[in-house]
Trainee: 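Have a look at this one before I ask anything.
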Amino acid sequence: SNAANGLGGQGYLAHAGNYPVLMGTGLSVAIGYLNPYGLDSIHVHNRATEMVTLVSGVSLKTGFVLEDGFDLPVYVEIGLYQGTIRPMGSLHWEFNDNCEPAVFVASLSNKDPGVLRTTQNFFISEEDIVKANLAYPSWLDKVNTTDYRAKLSAAFAQGAKDCYQRCGLTYDTSQAGGISRKV
């Protein structure tokens, strides 16, 4: 019931509310299944630091951006059974840049880590606010941002189109699959 889904894969979050063994630990854990070239879209856990470990697959690219003033993103590629940390509140993502599926486990430092899908939730705001934040780009001139939001990919999206060609896979250009609320 708490899955984040999309053409790029899916994820599940275990927390004290749906996995009682975690009661009193102050922890939660998520598992993400990334299809070949699957992307766990940019998101934030506003109440938890996260440690991600690759448990199946070849490698996983990931990165994060901290708060204003720290204008250099941190990028890392982890191999099988390797992990990395993303600080609480950082914008971050995972990308499976391989022809094989990948599975990662994310340990989170809060029983309710929260999740904010950056792109999908940005377009919830009023149309004038969205356009002003983007400096009124011409590509949004005749776009209703509510309609545009409905066309965005789900939380687990397909990655870069050129990656699909490398493995002979088909990129689905109509990947909007609903907006996921948790993971």
Trainee: So do the side chains of Y37 and N98 get within less than 4.5 Å of each other, counting heavy atoms only?
Mentor: no

Trainee: Distance alone, cut at 3.5 Å: any donor-acceptor contact between the side chains of D97 and S59?
Mentor: no

Trainee: State whether the side chain of R117 and the backbone N or O of S41 hold a donor-acceptor pair below 3.5 Å, judged by distance alone.
Mentor: yes

Trainee: Tell me whether Y33 at atom OH has more than 12 heavy atoms from other residues, nucleotides or ligands lying less than 6.0 Å away.
Mentor: no

Trainee: Side chains of L80 and Q82, heavy atoms from C-beta outward: is any pair under 4.5 Å?
Mentor: no

Trainee: Mind checking whether L34 and V103 have side chains closer than 4.5 Å, heavy atoms only?
Mentor: no

Trainee: For the residue pair P137 and L134, what are the closest heavy atoms and their distance?
Mentor: CD-O, 3.3 Å

Trainee: What's the spacing between M88 CE and E50 CD if we round to 0.5 Å?
Mentor: 12.0 Å

Trainee: Look at the side chain of T62 and the backbone N and O of W93, then say whether any donor-acceptor pair between them is shorter than 3.5 Å.
Mentor: yes

Trainee: Minimum heavy-atom separation for V52 to I78, with atom names?
Mentor: O-CD1, 4.0 Å

Trainee: A side-chain contact here means heavy atoms from C-beta on lying under 4.5 Å apart; do V130 and F122 qualify?
Mentor: yes

Trainee: State, with a plain yes or no, whether a side-chain heavy atom of K111 is found less than 4.5 Å away from one of H15.
Mentor: no

Trainee: Of all the heavy-atom pairs spanning S28 and L22, show the shortest one and how long it is.
Mentor: CA-CD1, 4.1 Å

Trainee: So, for F95 and G38, which heavy atoms are closest and what is the spacing to 0.1 Å?
Mentor: CD1-O, 3.3 Å

Trainee: State whether the side chain of T25 and the backbone N or O of L27 hold a donor-acceptor pair below 3.5 Å, judged by distance alone.
Mentor: yes

Trainee: Would the distance check show the side chain of H45 and the main-chain N or O of R47 forming a donor-acceptor pair, the cut-off being under 3.5 Å?
Mentor: no

Trainee: Mind checking whether L91 and L66 sit in one hydrophobic cluster, side chains of I, L, V, M, F, W, Y counted as touching below 4.5 Å?
Mentor: no

Trainee: Minimum heavy-atom separation for V115 and N46, please, with both atom names.
Mentor: N-OD1, 4.2 Å

Trainee: Side-chain contact, heavy-atom cut-off 4.5 Å: L108 with L13?
Mentor: yes

Trainee: Whether the side chain of N110 engages the backbone of D112 through a donor-acceptor N/O pair (distance < 3.5 Å, no angle test) should be reported.
Mentor: yes

Trainee: Which heavy atom of A102 sits nearest a heavy atom of N96, and at what distance?
Mentor: N-ND2, 3.5 Å

Trainee: Is it the case that the side chain of S109 and the backbone of T49 share a donor-acceptor pair, with hydrogens and angles ignored and the cut-off at 3.5 Å?
Mentor: yes

Trainee: Run the salt-bridge test on E126 and K131 with the 4.0 Å N-O cut-off and return the result as yes or no.
Mentor: no

Trainee: Taking OH in Y81 as the centre, count heavy atoms belonging to other residues, nucleotides or ligands within less than 6.0 Å. Is the count above 12?
Mentor: no

